[in-house]
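First up is the structure itself, then whatever we jot down about it.
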Amino acid sequence: MKSSKPPRHRLASIAWPALSLAATLVSTLAAGETGVPAASQSQMAGAGRAAMPSQAMITPNYKDADLTQIVEAVSQVTGKNFIIDPRVKAQVTMLSATPMGPGAFYEAFLAILQVHGFVAVPSGKLYKIIPDANARQVPANDLPESVSSSSDELVTQVVQLKNVSAAQLVPILRPLIPQNGHLAAYTASNVLIISDHANNVSRLLRIIERIDSGGDEDIDVIRLEHASSSEIVRVVNQLTQGAANDGGAATKLIADERTNSVLLSGEKNQRLKLRALVAHLDTPLESGSGTRVRYLKYADAEKIATKLKEQVQATSAPAAAGQAGAGGSDKSTTIWADPATNALVITAPSKTMRQLMDVIDRLDIRRLEVQVEAIIVEITGSSNVDLGVNWLIDGSKDNIAAGGFVSPIGSAGTSIATIAAAASNPTAISAAQVPNGFTLGVGRLQKTGTNFAAILSAISGKANTNIISTPTIVTLDNQEAQIKVATEVPFVTGQYASTQATQSGSSGVVNPFQTIQRQEVGTILKITPQITDDGTVLMKIDQEVSSLIKSSIATVDVQTSKRVINTRVLANDGEIIVLGGLISDNVTESEQRVPGLASIPFIGNLFKTRTSTKEKTNLMVFLRPKILVDAHQMATETSAKYNYVRELELKRQGRVQLQPSERQPILPDLKDLAPRPAPVETPKSRASRGEPQADRAPEPPNGGGTPN
């Protein structure tokens with residue numbers, strides 16, 4: 001026999017010195033670290049089995065030992081016979097610091113098998129060691145009278161349930177069973193079948209015992225003071241019907257409308273929970289009655305009252321039918337508004353009251369504001385040039401043929417014929433017919449001889465217009481707003497005068513009359529902004545810009561230009577967009593001439609008149625919306641505009657000398673203005689929150705909420 005290595009694992013420590021050698025041999029066999037032949041090992045194992053007493057204490061320690069060798073050691077110590085399935089193979093490591101008896105050593109062996117996915121199943125006087133996956137199909141320790149809470153042996157137990165449904169417990173307990181275990185329900189006799197290791201089955205039995213506790217049913221009568229018994233029963237039944245449908249211990253609630261009481265039956269713990277719930281629901285309304293006064297902060301009470309009435313009327317018929325089926329209240333609902341305090345007075349049943357208050361909470365909110373700045377830029381220029389010659393010869397008195405070139409010159413439409421007629425009769429021409437610009441004329445107007453007349457007219461005119469308007473307006477979200485900065489200009493649309501004969505026979509003019517129409521000329525901005533969910537602004541815009549203009553062409557009355565834009569645009573917060581524009585360049589040239597003669601160089605200018613007109617217009621309209629989220633942002637924008645106007649006033653100080661004791665008016669500095677006082681706690685604010693009003697704060701002078 002070869003000398004063995006120093007033993008690394010100590011299997012057994014025998015209490016009696018006479019048996020120490022046998023224990024050492026068994027330990028050596030289990031560790032597989034000896035050179036003793038197989039026959040000698042069998043003889044020593046037999047001697048150890050015969051000599052090992054039941055009181056022996058063992059301290060097993062293994063490291064990477066083959067499982068079959070541990071089975072041999074367990075068989076030596078416990079005297080049990082094992083049949084090992086060929087699939088049972090594993091390398092086992094077990095460390096122990098305290099001695100244990102054969103029974104504890106066997107339990108440790110079962111735990112080792114479970115860790116490695118095997119199980120020892122008794123079969124008569126033998127034990128089969130097989131994979132855990134096949135354990136459910138092999139008879140084991142079936143239906144024991146008691147199940148050990150510390151053993152890893154395979155047991156099968158049948159549990160009879162009394163108060164809960166077996167099928168109901170299967171999905172609850174299934175996560176506590178390993179994959180190779182078995183859990184099933186037999187609904188006909190309401191039993192559970194459990195097959196698993198003894199320690200886990202023991203745990204499941206304790207859990208089932210707590211769940212399957214006996215019911216303590218009784219009937220409680222709950223007298224209500226404030227709520228309706230039928231309404232309470234309807235609400236609580238909706239809450240508890242889910243548990244009843246799942247097969248659990250159901251509770252019953254019945255309303256006794258004659259005494260306004262609730263009859264409650266079921267398990268004791270469930271009754272206690274429902275009693276607490278009913279007591280919580282049986283409380284008076286926050287206002288102490290079915291009427292509440294709700295002070296609004298931002299919305300208009302009169303508008304909200306109208307909409308709420310329509311809502312109640314639209315839902316009154318189906319609501320009344322539903323309440324009749326459930327024994328609901330038949331109280332009517334009344335809503336009216338108090339404009340002086342911007343408050344709503346509502347009388348309604350509790351359910352309707354809650355619905356109305358929820359609607360009011362969602363409508364009476366601080367709405368966002370939008371500041372819209374528009375920039376209108378218009379640059380217009382026009383020029384006009386008129387040059388022409390007219391002449392006329394009348395030689396009829398001297399038997400000389402008459403002739404001439406007659407063409408209106410300039411915007412007044414004056415010709416040589418008009419000038420010649422005015423020379424003989426000054427009243428035949430009006431002031432409007434007098435030619436504009438440079439006019440040079442020569443002629444002879446006599447009763448005898450040859451008469452002639454010639455006129456040269458030249459005029460050049462220019463007109464430029466530069467208009468920049470920047471209207472700004474602030475409005476609520478989805479609220480139309482309009483700013484109008486205009487002047488009413490009178491335009492003569494008609495005139496007449498009635499004549500009356502005098503005693504001398506001459507006619508006189510009496511009662512002259514003119515019809516005048518006034519039109520607005522200026523800047524008009526009408527806008528409706530709508531803030532979307534992503535922070536952009538959808539705007540409906542009506543923009544009109546009109547102004548008086550001067551033209552190089554003479555007209556009967558003043559001229560006005562009018563620019564109108566009607567559109568819908570989408571812009572980001574603070575983004576500048578162009579709404580529209582116009583760029584035009586118009587040139588008009590006209591010439592009146594005598595065919596043939598007008599083509600002669602130099603001399604041809606005596607036989608033609610020319611007019612040239614040029615007009616250029618540049619118009620652009622820009623817009624920038626800005627969302628004002630809170631009061632701080634509103635104050636910032638207001639301060640910026642306020643300081644801008646104040647700086648303009650400061651720059652103009654001293655330009656005009658006033659009286660020595662007087663000064664020009666100027667806006668005060670914002671720093672000198674009194675700070676805004678903190679909001680005062682008023683009874684209305686307390687009532688809106690449903691708080692008691694025992695400690696009343698002084699009522700503010702303005703009376704509270706202000707409608708939009």
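Counting begins at 1 with the first residue of the sequence.
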Test item: [X] side-chain N/O and [Y] main-chain N/O as donor-acceptor pair under 3.5 Å:
X	Y	result
Gln311	Lys307	no
Asp386	Thr611	no
Ser639	Ala635	no
Ser599	Pro595	no

What's the shortest heavy-atom distance between [X] and [Y], and which atoms?
X	Y	value
Lys614	Asp585	CE-OD1, 3.9 Å
Met620	Gly581	SD-CA, 3.9 Å
Leu606	Phe405	O-CD2, 3.9 Å
Leu525	Ala374	CD2-CB, 4.2 Å
Ser612	Glu589	OG-CG, 3.7 Å
Arg366	Val629	NE-O, 4.3 Å

At what distance, to the nearest 0.5 angstrom, does [atom1] of [X] lie from [atom2] of [Y]?
X	Y	atom1	atom2	answer
Ser546	Ile524	OG	CD1	6.5 Å
Gln313	Thr333	CD	OG1	10.5 Å
Thr609	Asn390	OG1	CG	7.0 Å
Ile473	Ile527	CD1	CD1	7.5 Å
Leu570	Glu575	CG	CD	8.5 Å
Ile304	Asp364	CD1	CG	7.5 Å

Between side-chain atoms of residues 474-483 and protein atoms elsewhere (two or more places apart, or another chain), which donor-acceptor pairs fall under 3.5 Å?
unit_1, atom_1, unit_2, atom_2, d
Thr475, OG1, Gln479, O, 2.9
Asp477, OD1, Ile531, N, 2.9

Are [X] and [Y] close enough for a salt bridge, meaning some N to O gap below 4.0 Å?
X	Y	result
Lys484	Glu520	yes
Arg563	Glu544	no
Asp542	Arg568	no

Do [X] and [Y] have side-chain heavy atoms sitting under 4.5 Å apart?
X	Y	value
Asn572	Ile577	no
Leu579	Val569	yes
Val442	Leu456	no
Thr291	Ile346	no
Leu344	Leu308	yes
Ile541	Ile565	no
Val537	Ile627	yes
Phe491	Gln519	yes

Inset, instruction - Please test Met357 against Val359 for side chain to side chain contact (heavy atoms under 4.5 Å, CB included), starting from the C-alpha separation and ending with a verdict. - result: CA-CA 5 Å; Met357 289 301 160; Val359 173; over 6 Å; no

Are more than 12 heavy atoms, taken from residues, nucleotides or ligands other than [X], located less than 6.0 Å from that residue's [atom1] atom?
X	atom1	value
Ile603	CD1	no
Glu310	CD	yes
Lys608	NZ	yes

Inset, instruction - Mind running salt bridge (Lys or Arg N to Asp or Glu O under 4.0 Å) on Asp573 and Arg624 for me, showing each step along the way? - result: CA-CA 8 Å; Asp573 183 17; Arg624 181 177 72 172; over 6 Å; no

Legend entry - Residue pairs, two or more places apart or on separate chains, that pass ring pair (Phe, Tyr, Trp, His ring centres under 6.0 Å) and touch residues 357-382: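 For residues 357-382, and leaving out neighbouring residues, there are no ring pair (Phe, Tyr, Trp, His ring centres under 6.0 Å) pairs at all.
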
Inset, instruction - If a pair satisfies ring pair (Phe, Tyr, Trp, His ring centres under 6.0 Å) and one of its residues is in residues 574-617, list it, with sequence neighbours excluded. - result: Trp391-Phe607

Inset, instruction - Start with the C-alpha gap between Gln543 and Ile376, add the side-chain angles, then the distance that decides, and say whether side chain to side chain contact (heavy atoms under 4.5 Å, CB included) holds. - result: CA-CA 10 Å; Gln543 174 75 58; Ile376 302 102; 3.8 Å; yes

Legend entry - Pairing residues for Glu615 by the salt bridge (Lys or Arg N to Asp or Glu O under 4.0 Å) criterion, not counting sequence neighbours: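 Residues passing salt bridge (Lys or Arg N to Asp or Glu O under 4.0 Å) with Glu615: none at all.
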
Inset, instruction - Please check if any side-chain donor atom of Thr588 sits under 3.5 Å from a side-chain acceptor atom of Thr613, or the reverse. - result: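 No, Thr613 and Thr588 have no side-chain donor paired with an acceptor closer than 3.5 Å.
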
Legend entry - Within residues 529-540 or reaching into it, pairs that qualify as side-chain hydrogen bond (donor to acceptor under 3.5 Å, both in side chains) - sequence neighbours excluded: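 Pairs touching residues 529-540 that pass the test: Thr532-Asp534, Thr532-Thr536, Asp534-Thr536.
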
Inset, instruction - Could you tell me which residues satisfy side chain to side chain contact (heavy atoms under 4.5 Å, CB included) with Thr472, sequence neighbours excluded, listed by chain and number? - result: Gln371, Glu373, Lys641

Inset, instruction - Report the C-alpha distance between Asp630 and Gln633 in whole Å, list the side-chain angles of each, state the deciding distance to 0.1 Å, and finish with yes or no for side chain to side chain contact (heavy atoms under 4.5 Å, CB included). - result: CA-CA 6 Å; Asp630 50 19; Gln633 194 170 3; 3.4 Å; yes

